[in-house]
Amino acid sequence: MRLESMEIEQHPLEPFLPGNARLLMLGSFPPQKKRWSMEFYYPNWSNDMWRIVGLLFFNDKDYCKERLISFLQEKGIALFDTASAIRRLQDNASDKFLEVVQPTDIPALLHRIPQCKAIVTTGEKATDTLC
């Protein structure tokens, strides 16, 4: 399939930017909606991030979106991704098969969270796109 004929996906979520954010965590891009367990960041059923956070901070691997949002707001953690538009080169959630069509305007995000002192990326694709 030619790249010109492949669909460009726009980021489906708004940036999560609590006013007190001191940390901006950037992934690459959400998986396809068919893989989502919730309407929030890191929604993939097979992603262990929220279960690990739950075990570390709440001694409970089960989570709900409301509890996560409250935790992130309390801790001053903002979330978004380094790509605002992508093409999926294969029908999966692998970063290896994402072509970044439009990188995120990171300075614009940081302008909205002036207390932010650090940025962390969640993988190689996000790091490469940020750099």
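When a residue number appears, it is its place in the shown sequence, counting from 1.
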(message) Side chains of E7 and R88, heavy atoms from C-beta outward: is any pair under 4.5 Å?
(response) no
(request) List for me each residue that meets side-chain contact (heavy atoms from CB on, under 4.5 Å) alongside L23, sequence neighbours excluded, and say none if there are none. (result) I77, A118, V120
(request) Just jot down the salt bridge (Lys or Arg N to Asp or Glu O under 4.0 Å) partners of D91, sequence neighbours excluded, or say none. (result) K34
(request) Using the test side-chain contact (heavy atoms from CB on, under 4.5 Å), find all partners of S94 that sit at least two apart in sequence or belong to another chain. (result) N92, K96, F97
(request) List the atom of R22, the atom of K75, and the distance in Å for their closest heavy-atom pair. (result) NH2-O, 3.1 Å
(request) For T82, check side-chain hydrogen bond (donor to acceptor under 3.5 Å, both in side chains) against everything at least two apart and list the hits. (result) none
(message) Applying salt bridge (Lys or Arg N to Asp or Glu O under 4.0 Å), can you list everything that pairs with E39, at least two apart in sequence or on another chain?
(response) K33
(request) With sequence neighbours left out, write down each residue that passes salt bridge (Lys or Arg N to Asp or Glu O under 4.0 Å) with K117, or none if nothing qualifies. (result) none
(request) Find out if a path of hydrophobic residues (ILVMFWY) with successive side-chain heavy-atom gaps under 4.5 Å connects F58 to L55. (result) no
(message) Using 0.5 Å steps for rounding, measure from the CG atom of L13 to the CZ atom of F29.
(response) 9.0 Å
(message) Rounded to the nearest 0.5 Å, what separates atom CD in E9 from atom CD1 in I86?
(response) 4.0 Å
(request) Using modelled atom types only, decide if a donor and an acceptor are shared between the side chain of W50 and the backbone of K61 within a distance under 3.5 Å. (result) no
(message) Please find the pair of heavy atoms, one from G27 and one from Y42, that lie closest to each other, and give the distance.
(response) N-OH, 3.5 Å
(request) To the nearest 0.5 angstrom, please state how far the CE atom of M38 sits from the NZ atom of K65. (result) 8.5 Å
(message) Quick check for you: to the nearest 0.5 Å, what is the distance between L72 atom CG and F16 atom CZ?
(response) 5.0 Å
(message) So, using salt bridge (Lys or Arg N to Asp or Glu O under 4.0 Å) as the criterion, who are the partners of D60 when residues are at least two apart?
(response) R67
(request) Would you mind listing every side-chain hydrogen bond (donor to acceptor under 3.5 Å, both in side chains) that reaches into residues 11-20, with sequence neighbours excluded? (result) H11-D81
(request) Test side-chain contact (heavy atoms from CB on, under 4.5 Å) on I119 and L110 and set out the steps. (result) CA-CA 10 Å; I119 297 174; L110 292 172; 4.0 Å; yes
(message) My understanding is that only residues two or more places apart in sequence, or in another chain, count here; which of them pass side-chain contact (heavy atoms from CB on, under 4.5 Å) with D105?
(response) P107, A108
(request) Give, for atom CG of L109 and atom CZ of F80, the distance between the pair rounded to the nearest 0.5 Å. (result) 6.5 Å
Quick one: side chains of residues 121-131, donor-acceptor pairs under 3.5 Å with protein atoms, not counting sequence neighbours, listed by atom name and distance.
| residue | atom | partner | partner atom | Å |
| --- | --- | --- | --- | --- |
| T121 | OG1 | T127 | OG1 | 2.5 |
| K125 | NZ | L98 | O | 2.6 |
| T127 | OG1 | G123 | O | 2.8 |
| T129 | OG1 | K125 | O | 2.8 |

(message) Checking one residue: V101. Which other hydrophobic residues are in its cluster under the side-chain 4.5 Å linking rule?
(response) I8
(request) Please check if V100 and Y41 belong to a single hydrophobic cluster, counting links between Ile, Leu, Val, Met, Phe, Trp and Tyr side chain heavy atoms closer than 4.5 Å. (result) no
(message) Tell me every residue that passes side-chain contact (heavy atoms from CB on, under 4.5 Å) with A21, counting only those two or more places apart in sequence or in another chain.
(response) P18, A78, I113
(message) With a 4.5 Å cut-off on side-chain heavy atoms, are P43 and R35 touching?
(response) no
